[in-house]
Amino acid sequence: MESNKETKKVLSKSDITKVGLRCTLLQSMFNYERMQSGGWLISMLPELKKIYKDDKDGLREAMKDNLNFINTSPPLAGMLMGMLLSLEEAKAERETISGLRVALFGPIAGIGDSLFWFTLLPIVAGISASFAQEGNILGPLIFFLVYLGMFLVKIPFTHLGYNAGYKAVDTIAENAKKIAHAATILGVTVVGALIANYVNITLLPEITMGEGNVVNIQKDLIDTIFPKLLPFLYTILMYYLMKFKKVKSTTLIIITFLGVMVLSYLGIL
């Protein structure tokens with residue numbers, strides 16, 4: 001396996017650098033159906049075309065896979081892109097690549113958001129604002145340089161992800177089924193957490209059990225027995241309609257939007 005690595009390697013360092021620069025487009029086609037998937041694919045597409053130059057079916061599968069839902073931290077997105085490209089280049093199992101993608105984008109989002117958006121930028125913004133209030137040019141200059149650094153750091157992170165994935169190709173290939181299974185479990189866990197955070201349904205009706213004793217159906221009954229039950233059931237319903245009834249996502253969004261307005265007007269939600 002070790003001797004085959006050079007024959008598999010088709011991406012150059014400049015290709016990976018370009019991915020790091022291009023991942024700035026991650027949010028370019030942001031939507032509520034698949035979040036960053038459009039920008040994600042655009043960032044990797046030239047390299048995928050190079051990897052699957054003589055394999056149209058392989059390119060089609062890779063493009064389809066990378067158009068699935070993803071929502072991660074932009075500064076660290078290149079690291080995951082680099083890792084997945086190394087696996088694409090080594091022709092790893094599609095199930096393994098997909099599983100790792102789903103399993104890792106959530107944790108990377110948590111780390112990146114905590115590090116950059118919730119720690120670094122607020123601190124730098126506070127320091128910059130204090131300088132700016134005094135009329136000191138260092139205020140906007142410091143903030144600009146830090147933001148520029150956040151942009152440029154995508155390049156070394158992309159190389160880091162690619163090199164890490166490339167060095168681990170043999171291990172991943174030998175344990176593909178175990179890794180895919182573990183990644184799938186972690187991915188399902190991440191999706192469950194996303195449902196709990198993104199989907200919120202609150203019922204307003206209350207039941208009067210006697211004088212001065214009012215029970216809120218949502219707070220006192222449903223949340224006590226099974227927190228987030230309604231978001232879970234609604235997500236399962238949407239999945240069923242999309243997967244088995246082939247209802248388009250845009251149709252479901254419209255139905256949801258109209259349903260919310262009607263139920264809110266009736267005082268149910």
Side-chain angles (χ1 to χ4, degrees), residues 26-40 67-74 76-77 98-99 101-123 125-126 182-269:
L26 184 65
Q27 308 270 46
S28 61
M29 288 187 284
F30 191 92
N31 62 82
Y32 287 104
E33 180 185 353
R34 302 190 181 189
M35 296 293 184
Q36 300 165 334
S37 62
W40 177 273
L67 273 177
N68 286 323
F69 177 96
I70 189 166
N71 188 29
T72 193
S73 176
L76 295 184
S98 301
R101 178 178 178 273
V102 173
L104 293 179
F105 81 76
I108 287 176
I111 294 171
D113 288 350
S114 299
L115 180 62
F116 292 101
W117 304 126
F118 303 144
T119 303
L120 179 62
L121 277 184
I123 293 173
T184 300
I185 293 173
L186 182 56
V188 171
T189 304
V190 170
V191 171
L194 288 173
I195 292 170
N197 282 297
Y198 280 98
V199 186
N200 290 294
I201 300 175
T202 303
L203 297 177
L204 296 180
E206 297 177 337
I207 301 174
T208 302
M209 304 296 290
E211 187 175 349
N213 187 10
V214 179
V215 176
N216 182 281
I217 294 177
Q218 176 75 48
K219 181 179 178 181
D220 299 323
L221 292 180
I222 297 178
D223 289 347
T224 302
I225 299 171
F226 196 147
K228 296 292 183 179
L229 174 62
L230 295 180
F232 170 73
L233 293 176
Y234 190 74
T235 302
I236 294 298
L237 175 62
M238 294 297 103
Y239 174 77
Y240 170 77
L241 293 175
M242 290 181 66
K243 180 75 174 180
F244 300 103
K245 298 300 181 180
K246 307 301 179 184
V247 181
K248 293 182 179 180
S249 58
T250 50
T251 303
L252 295 177
I253 291 173
I254 293 172
I255 292 173
T256 300
F257 185 70
L258 294 175
V260 166
M261 287 195 301
V262 173
L263 292 175
S264 298
Y265 177 77
L266 295 175
I268 297 175
L269 296 181

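All values below come from the heavy atoms of this structure, side chains included, with hydrogens, waters and symmetry mates left out.
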Is any side-chain heavy atom of W117 closer than 4.5 Å to a side-chain heavy atom of S73? yes
Over all atoms of both residues, closest heavy-atom pair of T72 and A109: OG1-N, 3.4 Å
Do L204 and Q218 touch side chain to side chain, with heavy atoms closer than 4.5 Å? no
Within the supplied structure, the quantity of interest is the number of heavy atoms (other residues, nucleotides, ligands) at a distance under 6.0 Å from Y234 OH; does it exceed 12? yes
Heavy-atom closest pair (R101 atom, W40 atom, distance to 0.1 Å) is NE-NE1, 3.6 Å
Does any part of the side chain of F232, heavy atoms only, come nearer than 4.5 Å to the side chain of V199, both counted from C-beta? no
Give the minimum heavy-atom separation between P205 and G267, together with the two atoms involved. CD-O, 4.1 Å
With a 3.5 Å distance limit and no angle check, can you tell me whether N31 reaches the backbone of M29 through a side-chain donor-acceptor pair? yes
For residues M261 and F257, determine if any side-chain heavy atom of one lies less than 4.5 Å from a side-chain heavy atom of the other. yes
Nearest 0.5 Å, what's the NZ-CG distance between K245 and L252? 13.0 Å
With a 4.5 Å limit on heavy-atom distance, are the side chains of N200 and K228 in contact? yes
Would you compute the distance between atom CE of M35 and atom CZ of F30 and round it to the nearest 0.5 angstrom? 4.5 Å
Gap between atom OG1 of T251 and atom CE of M242 - 0.5 Å precision: 10.0 Å
When rounded to the nearest 0.5 Å, the distance separating CZ of F105 from CG of L76 is 14.5 Å
Within the supplied structure, the quantity of interest is the number of heavy atoms (other residues, nucleotides, ligands) at a distance under 6.0 Å from Y240 OH; does it exceed 12? no
If you measure from OG1 on T202 to CD1 on I268, what distance do you get to the nearest 0.5 Å? 13.5 Å
Does L269 reach the side chain of L203, with side-chain heavy atoms less than 4.5 Å apart? yes
Measuring from R34:CZ to I70:CD1, what's the distance to the nearest 0.5 Å? 12.5 Å
Quick one: closest heavy-atom pair of N68 and S37, and the distance? O-CB, 3.3 Å
